[in-house]
Amino acid sequence: MQSLIPKIESRLDTLAVPIALELPDGRRVAKPGSRVTLAFSDWSGLAKLAASQIGALGELYVEGRVQIEGAMRDLTDVAVGLLPGNPVETNTGWWGRLLRRAKSRGAHSLDKDAAQVEFHYDVSDDFYALWLDPRRVYSCAYFKAPGMTLAQAQEAKLDHICRKLMLAPGQRFLDIGSGWGALLLWAAEHYGVDATGITLSKNQHAYVQRLIDAKGLGGRVRVELRDYRELTTDKPFDRIASVGMFEHVGAANMPGYFARINELLVPGGMAMNHGITSGRLDQDQLGNGMGDFIEKYIFPGGELLHVTHVLREMAVAGLEMVDTENLRPHYARTLWNWSDGLESKLDAALAVLQRSAGSRERAERILRAYRLYLAGSAMSFEQGWISLHQILAIKPDGKKDTGLMPGAHSAYPFVRDHIYR
């Protein structure tokens, strides 16, 4: 292991952010003005560093075998500098695609998806409340003005979606994966729709139900603890939104997911799919162990598709894309807001997590994982390794005279004035 030190020192010389290493034998290797320190308790971590296995280093940090000191923004700059190149793994061979599909199919049963959602979202409502905006919107914000706060940008995002969907009083609106209810309630209160939300998180379901009761909206807003595959209705919905949810669906289930949206939507209705997409056509996951880290500690079962693949699956299901918007830099800024919010409340976060996790050791692991996840995700969006697309689609009704223009086959006007007025 001693032979790794000269190699690592030469790598440190190339970094834009000076860092220091504390070795297991007590020695310190440091560049002048070091802003980040990595302290290793055993030599295996040095081997991971030399091999640029960023995800494995993150795992060692979560497990307490590597200590990190310094700002998360500096740390992500270090991570980018340590990578040998673009960490997007591609595997276009038929065998790789077959393996990914088999893995996807096995990871997304009704029971497994419910357990995976509970693993992430039921950590602690109070924990998320520390670093999310007051409405607890856990998806990409929309910074339509430079000086917007996170709370303002999240409200702008909610309204952006409602405008794109052309929500109007009396419409039946479905929110798939309704989270803590922000879009559900915004649509009901500002656009007068009859709103239904579904979630797999017990914590979120209980929280939203309390909000509905407190606001006196029980007559036209409801939330159900239900999988989208189990939702049935005698009367289809006029508008459907899915925000930050389809990343959990799985590539193998994507045809059924969009087919289900098509079944639940009235002819001529509109659907909005807002979600994270991969940065490369045949991306499996982020390389250098980063995808494995997210799978293990943050989003088990999470899978990403390139936007072109998403559009294909929508088209196969009978949905016509009418508008697509890339909000990738908006998500980078959103995540840095979340990261900065968490970093400013680490002691409070640890106390909250300890109450829910049952032990300080488990709470510390969760907190370390989220610190890396938020900052690392912000870095990934900034670098273009992953992206975020809002895709608006219609279910054509086949009637030439429907809508404002001949051949619209829906209420969609095929201009964007209604979004930006």
Side-chain angles (χ1 to χ4, degrees), residues 108-111 113-114 117 161-162 164-179 181-202 204-213 215-246 248-249 253-274 313-322 391-399 401-403 408-412:
H108 293 284
S109 66
L110 291 171
D111 290 341
D113 278 346
V117 167
I161 291 173
C162 291
K164 284 186 175 183
L165 285 169
M166 301 179 68
L167 296 186
Q171 289 177 346
R172 285 171 48 77
F173 171 64
L174 172 65
D175 186 5
I176 300 176
S178 52
L183 178 60
L184 190 72
L185 296 171
W186 185 274
E189 292 181 304
H190 291 80
Y191 290 85
V193 297
D194 182 276
T196 299
I198 59 174
T199 179
L200 292 178
S201 166
K202 295 176 183 177
Q204 290 178 341
H205 176 264
Y207 179 82
V208 176
Q209 188 59 61
R210 290 194 297 269
L211 286 179
I212 293 171
D213 293 341
K215 292 174 177 289
L217 294 172
R220 57 186 178 90
V221 182
R222 63 209 59 84
V223 62
E224 301 180 16
L225 192 64
R226 191 178 304 278
D227 191 284
Y228 73 94
R229 288 164 287 192
E230 297 180 307
L231 181 63
T232 59
T233 180
D234 296 330
K235 187 177 180 182
F237 295 92
D238 301 294
R239 302 288 189 267
I240 297 176
S242 175
V243 180
M245 178 271 176
F246 97 124
H248 305 283
V249 169
N253 287 341
M254 207 58 68
Y257 166 72
F258 284 119
R260 191 77 191 101
I261 289 178
N262 187 57
E263 292 169 2
L264 293 168
L265 195 61
V266 298
M270 299 184 203
M272 161 70 73
N273 193 84
H274 167 122
E313 296 292 1
M314 294 178 80
V316 169
L319 298 169
E320 179 185 357
M321 184 276 290
V322 292
I391 304 174
L392 181 66
I394 61 171
K395 178 180 178 177
D397 65 4
K399 300 176 181 178
D401 296 330
T402 301
H409 300 290
S410 71
Y412 184 71

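Starting from 1, each residue takes its place in the sequence as its number.
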Mind running side chain to side chain contact (heavy atoms under 4.5 Å, CB included) on Arg222 and Asp194 for me, showing each step along the way? CA-CA 9 Å; Arg222 63 209 59 84; Asp194 182 276; 3.0 Å; yes
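- Considering only heavy atoms from C-beta on, Leu319 comes within 4.5 Å of Leu265 through its side chain.
- Separation of atoms CG (Leu184) and CD1 (Ile212) is listed at 5.5 Å; rounding is to 0.5 Å.
- In this structure, the side chains of Thr199 and Val208 stay at 4.5 Å or more apart for every pair of heavy atoms.
- The CE atom of Met314 sits 10.5 Å away from the CD atom of Glu320 when rounded to the nearest 0.5 Å.
- Using a 4.5 Å heavy-atom threshold, the side chains of Cys162 and Leu183 count as touching.
- Contact check for Tyr228 versus Asn253: side-chain heavy atoms found under the 4.5 Å cut-off.
- The shortest side-chain heavy-atom distance between Phe237 and Thr196 falls under the 4.5 Å cut-off.
- Scanning all heavy atoms of the two residues, the minimum distance from Gln204 to Ser201 falls at N-OG, 3.1 Å.
- A salt bridge between Asp227 and Arg229 is present, with a side-chain N of the basic residue lying under 4.0 Å from a carboxylate O of the acidic one.
- Taking all atoms of both residues into account, the shortest heavy-atom contact from Met166 to Met270 is SD-CE, 3.6 Å.
- Side-chain contact between Ile176 and Leu231: absent, with no pair of heavy atoms (C-beta onward) separated by less than 4.5 Å.
- Judged by distance alone, with hydrogens and angles left aside, the side-chain atoms of Arg239 form no donor-acceptor pair with the main-chain N or O of Gly269 at under 3.5 Å.
- Nearest approach of Leu200 to Leu225, heavy atoms of both residues: C-CD1, 3.8 Å.
- Looking at every heavy atom in both residues, Pro255 comes nearest to Glu313 through CG-OE1, 3.4 Å.
- For the atom pair CG of Leu264 and CG of Asp238, the computed distance is 12.5 Å after rounding to the nearest 0.5 Å.
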So Val266 and Arg172, side chain to side chain contact (heavy atoms under 4.5 Å, CB included) or not? Walk me through it. CA-CA 10 Å; Val266 298; Arg172 285 171 48 77; over 6 Å; no
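- Residues Glu224 and Arg226 approach most closely at OE1-NE, 2.6 Å, considering heavy atoms.
- The side-chain heavy atoms of Leu165 and Tyr191, taken from C-beta on, include no pair separated by under 4.5 Å.
- Using a distance-only test at 3.5 Å, with no hydrogens or angles considered, a donor-acceptor pair links the side chain of Arg220 to the main chain of Val193.
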Step by step, would you call Asn273 with Phe258 a side chain to side chain contact (heavy atoms under 4.5 Å, CB included)? CA-CA 10 Å; Asn273 193 84; Phe258 284 119; 4.0 Å; yes
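- Taking all atoms of both residues into account, the shortest heavy-atom contact from Asp397 to Ser410 is OD1-N, 4.4 Å.
- Between Glu189 and Leu217 the shortest side-chain heavy-atom distance falls below 4.5 Å.
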